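Below is one structure, written out as structure tokens, with a few remarks after it.
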Amino acid sequence: MTTPTTVAQALQHAREAGLARLDAQRIVGGALGRTHAWLLAHDTDGLAEADAQRIATLVARRAAGEPLAYLHGDQEFFGLNLHVTPDVLIPRPDTETLVHWALDVLPADRPCRVADLGTGSGAIALAIASQRPLAEVTAVDLSDAALAVARGNAQALGLTQVRFAAGSWLAPLAGQRFDLIVSNPPYIAEGDPHLPALRFEPITALTAGRDGLSDLRQIVAQAGGHIHGNGHLLLEHGHDQAEAAAQLLRDAGFTDVSTRFDFGGQTRCTGGRWRG
Ligand code: GLN
């Protein structure tokens, strides 16, 4: 394949490599730092050799299945632009369901304490912090590399009320209690047929034992001791795990257990209130 010398040729090469039209436009536009509208107006513009090479590399990576979010290094979530690397799960729109629920239970006019377990890029913690300036949010992750990404996002967004802790679930929060604990933990069963499609994302952020429930079990078992009376535990889970998650919460002593649906109409989050 000859090196493209115009914007139009770069787009065409990307299409010939098997990319969807929108992916091709996003990669070429992203590499040149230009909008979709600019691409349409400037398709006969010449392309510098270095830009052409950079685009060719990105096109090859996308054609091999790498998510656009990792190629661009960012992903939008709840109106926030988040930096993402392969050390963190790419934030999903489904997870906005969990943020909406968190905002429903958090006061807007007084301080409160929130913990986000397995924060990854920081998506949930930062979305909550952006909407509740009086909330003090603690974001926990086992992965130092993930925490570095989350910290960078907090800094870039100026969300100074978010602090960070390294460790497994509630282990680094000994002696602390919260008004709300939220988590989007790994919940896919090992060997699940969907995993190959997610192969670019960190496996430790995705799988949780043979039934996908092992991390949810641990979180529910630990959480009660860290929630104020009448505080909430809200969890994201797989589309077919709502009943299991609800049972875990009831067995652990949570009340008012209920489930919410994601934008795709799947049961996606289950939560309850701690009697205290
Ligand atoms: N919702 C993600 C997916 O199925 C999985 C995220 C998770 O395991 N927490 O692609």
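Start at 1 and go down the list; that is how both ligands and their atoms are numbered. Because the structure is predicted, anything quoted here is derived from the model rather than measured.
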For atom 4 (O) of ligand 1, the closest protein heavy atom turns out to be I188 CD1, 4.0 Å
Between E16 and Q12: side-chain donor-acceptor atoms closer than 3.5 Å | yes
Distance-only side-chain donor-acceptor flag, H72 / D74, under 3.5 Å = no
Sub-3.5 Å donor-acceptor pair from the side chain of Q9 to the main-chain atoms of T5, do we have one?
-> yes
Proximal ligand 1 atoms for L89, defined as those under 4.0 Å from one of its heavy atoms = 6 (C)
The closest protein heavy-atom partner of atom 1 (N) of ligand 1 is Y187 OH, 2.8 Å
Just wondering, do E136 and Q161 contact through their side chains at under 4.5 Å, heavy atoms?
-> no
In this structure, atom 3 (C) of ligand 1 is nearest to the protein heavy atom R92 NH2, 3.8 Å
Is there a nitrogen or oxygen of P185 sitting under 3.5 Å from a nitrogen or oxygen of ligand 1?
-> yes
Residue Q176 excluded, over 12 heavy atoms near CD under 6.0 Å = yes
Heavy atom of G118, distance to ligand 1 below 4.0 Å | no
